[in-house]
There are 2 protein chains.
Amino acid sequence: MASEPPEHADPGGDSAARSRGPYAKGLARRQQILDRAIEVFARRGSAGTSLRSIAQEIGVSHAALTHYFSSREQLLVEVYREAERQADEVEPHSADASPVDIMTESARRNHAVPGLVQLYSTLVATALEPGHPDAAGFATTRFATVRADLAERVRRNQASGRMRSDVDPDAVASLVIAASDGLQTQWMLDESVPQSEALDLLARLLTPHRPESSGGA
Amino acid sequence: MASEPPEHADPGGDSAARSRGPYAKGLARRQQILDRAIEVFARRGSAGTSLRSIAQEIGVSHAALTHYFSSREQLLVEVYREAERQADEVEPHSADASPVDIMTESARRNHAVPGLVQLYSTLVATALEPGHPDAAGFATTRFATVRADLAERVRRNQASGRMRSDVDPDAVASLVIAASDGLQTQWMLDESVPQSEALDLLARLLTPHRPESSGGA
DNA sequence: GTCTATACGTCGATAGAC
DNA sequence: GTCTATCGACGTATAGAC
């Protein structure tokens with residue numbers, strides 16, 4: 001992330017850049033592995049995906065994987081990071097979306113790739129256990145980043161009068177993330193849980209009081 | 001839970017019940033293993049606790065564990081179940097507590113035994129992966145049970161005027177569980193996240209409108 | 001640098017001896 | 001009913017071919 005060698009990256013074609021583009025081929029290969037791994041994890045989650053089985057499915061040796069990724073845990077982290085990055089690239093969030101809108105949209109995206117939700121859940125659970133610095137770093141950083149983004153959106157929404165002004169932006173940000181993650185989990189175990197209804201409810205509760213409430217049940 | 005053989009249980013002493021108390025000794029031993037295992041998991045979480053290491057710490061062979069518990073996953077499930085049962089036994093929830101009160105109190109309990117929170121998180125993540133029926137059964141059942149309990153509390157609180165009546169009890173139940181679980185996770189990764197503030201905020205949002213709100217930030 | 005081959009120690013699970 | 005022995009698979013480490 002901050003330690004890439006020279007530039008000169010030429011992913012996809014190493015035709016004439018062999019002798020003077022020493023890292024290009026490796027970087028392209030690494031990216032290729034990452035892309036193929038995303039598909040594998042999107043299909044199968046993270047359990048049952050040993051280094052050997054994923055290597056076989058990709059078409060490399062399991063030792064090649066450890067050449068590009070120093071551990072299985074780091075591979076998992078980077079696969080999720082890359083998948084999230086690509087999703088954001090394809091369909092970025094609008095600047096004035098509300099916090100709950102963001103998480104609702106993320107939930108909708110995730111329904112298409114359950115394996116990545118399983119991978120995310122596994123990474124977070126691993127991060128809680130002692131002795132897993134890669135997963136812990138990923139989870140801590142991701143939560144902090146999303147919290148900061150959502151808190152900023154809360155402030156903007158409050159300034160424009162679309163959200164109650166008597167709530168703490170940081171508390172709302174943490175609450176919205178928790179609700180989104182937790183509801184996603186419950187929904188995956190039992191699709192009858194009112195995931196979108198609960199998120200809509202939270203959005204409604206955060207809206208400035210309108211005496212003519214629309215009724216819940 | 002529903003499949004115990006005869007009674008005759010004599011935990012702690014098997015002095016004269018050897019020849020005619022066929023299941024008693026085994027049951028006592030099983031319970032003893034469970035109790036010791038709870039302590040081990042409460043201290044160390046679920047990672048790094050292989051069947052061999054936990055067996056060694058308890059003082060039995062690792063094969064003995066698989067004799068009483070058909071798999072490592074089942075042991076994990078039963079350890080958490082038993083720990084939760086014992087906690088409820090020591091300090092049961094009052095009948096008229098609000099949903100958020102319940103989860104706030106659970107969060108407070110959990111701070112004392114971080115290893116069990118890690119175990120819970122691991123079990124839920126495992127349950128999401130295909131091919132883990134024991135964990136899936138545990139998580140699905142637990143969520144359904146807690147949801148039903150909380151929804152009922154919502155209805156009672158609405159009837160007594162302590163909670164907004166324009167919200168769907170089932171949606172509130174799912175939302176409160178999600179918020180509680182998710183905030184716990186975030187807090188374990190970063191103790192600066194406003195866990196109790198966010199839960200209090202949710203409780204306040206669910207309270208019937210009181211124009212003189214107390215301010216959030 | 002890129003990648004293969006091989007080996008080490010540990011894992012969950014199982015079979016059979018006592 | 002409980003143990004020892006063993007199985008195949010795992011993540012990881014290392015040596016060396018290209």
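Bear in mind that the values here come from a model prediction, so they are computed numbers and not experimental data. A note on names: the letters A, B, ... follow the listed sequences, proteins ahead of strands, and every chain is numbered from 1. Atoms considered below: every heavy atom in the structure, side chains included; atoms not considered: hydrogens, waters and symmetry mates.
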Scan for ring-ring contact (aromatic ring centres under 6.0 Å, His included) pairs involving residues 85-115 of chain A, sequence neighbours excluded, and state none if there are none. A/His111-A/Trp187

In this structure, how many angstroms lie between the P atom of C/dA15 and the NE2 atom of B/His67, rounded? 15 Å

Taking atom C1' of C/dA13 as reference, at what distance in whole Å does atom CG of B/Leu75 sit? 14 Å

Hydrogens and angles aside, do A/Glu129 and B/Ser46 bring a side-chain donor and acceptor to less than 3.5 Å of each other? yes

Once rounded to the nearest 0.5 Å, what's the spacing between atom CD of A/Gln56 and atom CG of A/Leu51? 13.0 Å

Can you measure A/Phe69 atom CZ to C/dT2 atom C1' for me and round it to whole angstrom units? 14 Å

Whether B/Asp200 and B/Arg204 form a salt bridge (side-chain N of Lys/Arg under 4.0 Å from carboxylate O of Asp/Glu) is what I want to check. no

Taking 4.0 angstrom as the limit, do A/Glu78 and A/Arg81 come out as a salt bridge? no

Does A/Arg156 have any side chain to side chain donor-acceptor pair (under 3.5 Å) partners at least two apart in sequence or in another chain, and if so, which? none

Across nucleotides 6-18 of chain D, 5' to 3', mark each nucleotide with B, S or - according to how protein heavy atoms within less than 4.0 Å reach it. B---BBB------

Separation of atom CD in B/Gln74 from atom P in C/dT14, rounded to whole Å: 12 Å

What is the separation between atom CD1 on A/Ile33 and atom C1' on C/dT2, rounded to the nearest whole Å? 11 Å

